[in-house]
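One structure is given here, and the rest of the page talks about it.
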Amino acid sequence: MRHFLTLLDVSGDEARLILKRAAKIKRKLKEGKAHRPLEGKTLGMIFDKASTRTRVSFEVGMYQLGGHALFLHSDTTQLGRGEPLEDSARVLSGMVDGIMIRTFGHDIVQKFSQHSKVPVINGLTDLTHPCQILADVFTYEEHRGSIEGKTVAWIGDGNNMAHSWINGAVSFGYKLKLACPAGYGPDEKLLAAARILGADVCMFDDTAEAANGADLVTTDVWASMGQEAEQAEREKAFADFQVNDRVMSFASADALFMHCLPAHRGEEVTASVIDGSQSVVWDEAENRLHAQKALLEFFMCH
Ligand code: CP
Ligand code: NVA
């Protein structure tokens, strides 16, 4: 039984194949042609955190693929009342054909997957957000062609998205330059593991150095879900780690800007950048749907 808990749960070739399928599936949808390989199949979607894009893209994606998705929030299921994770995994996977989970600790999706009889897809944990990186690379390549050998600059928190960009450097072969405030860098174990697998990742203290010559500049919120109490402290620590016109001026003239969203204009990114001509955030958000349909097909048709 295969699961998708991090991008590295699929090989580089498989990740490429998923993006190739995503392009075909997207084209078919735009041409108004049906593509229903998951007819009669169901996806359970467990949410312990808020979501707009992830919920809608999985739910719409399953419907378009001919299947059905169930929204299960921990507040309104027995999961939130302490039913053991192992029991929930056994029960749910006896009834549905795939499970997507958005939660806090990465250990939760790991434990759940160990007791699941059907594929488990990580819809974001505190450690990684592998569905988002698929959509992000897909979006870059729609606009600029292959990302292999290109330079990506990550500005901001060493969080779940930074970790996914690090893993993406293994699968897709881009060079990654990160600028994070002291004490807010990425997980050292995850970074070391990615480097062993060939990821070309460099750390910088300064946003201009990280952005210098980049083909893509990307960032994310300063305080992720679950870190709301640290907002004020983080605003101070991240004050010099904003993507603004100055930072973008160091990147290549044709560099793109991406953000997984939701964004906070005036914090991690200025309105001039996110609403400017280099930003592809709306395509990026829409591509969650197309990339995940290819992912669902890959995991649920095999
Ligand atoms: N980018 C993303 O995962 O968005 P949601 O939190 O709205 O799902
Ligand atoms: N790092 C953010 C991503 C949201 C999609 C969070 O975890 O809240």
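Whatever order the structure lists them in is the order used to number ligands and atoms, beginning at 1.
In the model, D126 has no side-chain atom that pairs as donor or acceptor with a side-chain atom of N160 under 3.5 Å. Using modelled atom types, one finds no donor on one side chain facing an acceptor on the other under 3.5 Å when comparing E284 with T139. Side-chain polar atoms of H143 and D283 form a donor-acceptor pair below 3.5 angstrom. Side chain to side chain, E268 and H259 meet the donor-acceptor criterion of an N or O pair below 3.5 Å.
Here the protein heavy atom with the shortest distance to atom 8 (O) of ligand 2 is M225 N, 2.8 Å. Nearest protein heavy-atom neighbour of atom 3 (C) of ligand 2: D220 OD2, 3.5 Å. Protein heavy atom nearest atom 6 (O) of ligand 1, with residue, atom name and distance: R102 NH1, 2.7 Å. Nearest protein heavy-atom neighbour of atom 4 (O) of ligand 1: R53 NE, 2.8 Å.
Residue-ligand proximity, N159 to ligand 2, at heavy-atom distances under 4.0 Å covers atoms 1 (N). Within ligand 2, the atoms closer than 4.0 Å to a non-hydrogen atom of N160 are 1 (N), 2 (C), 6 (C), 7 (O), numbered from 1 in the order shown. Distances below 4.0 Å separate heavy atoms of L261 from the following atoms of ligand 2: 5 (C). For ligand 1, the atoms closer than 4.0 angstrom to any heavy atom of C260 are 1 (N). The contact set between ligand 1 and T52, taken as ligand atoms under 4.0 Å from a residue heavy atom, comprises 5 (P), 7 (O), 8 (O). Here is the list of ligand 2 atoms found below 4.0 Å of a heavy atom in L124: 3 (C), 4 (C), 5 (C), 7 (O).
Using a cutoff of 4.0 Å between basic side-chain nitrogens and carboxylate oxygens, E209 and K177 are not scored as salt-bridged.
Cation-pi geometry between K49 and F104 is satisfied (NZ or CZ under 6.0 Å from the ring centre, within 45° of the ring normal). A cation-pi arrangement is not found for R55 relative to F47, the charged atom failing to lie both closer than 6.0 Å to the ring centre and inside a 45° cone about the ring normal.
Of the N or O atoms in K49, none lie within a sub-3.5 Å distance of an N or O in ligand 2.
With rounding to the nearest 0.5 angstrom, the CG atom of L289 is 6.5 Å from the CG atom of L29.
Within the 4.0 Å heavy-atom cutoff, H129 counts among the residues contacting ligand 1. Ligand 1 does not have L124 within reach: every non-hydrogen atom of the residue lies 4.0 Å or more from it. Distances shorter than 4.0 angstrom occur between a heavy atom of R288 and an atom of ligand 1.
With hydrogens and angles ignored, the 3.5 Å screen pairs no side-chain donor or acceptor of S252 with any backbone N or O of D254. Between the D215 side chain and the A255 main chain, no donor and acceptor come within less than 3.5 Å of each other.
For R55, no heavy-atom contact with ligand 1 is shorter than 4.0 Å.
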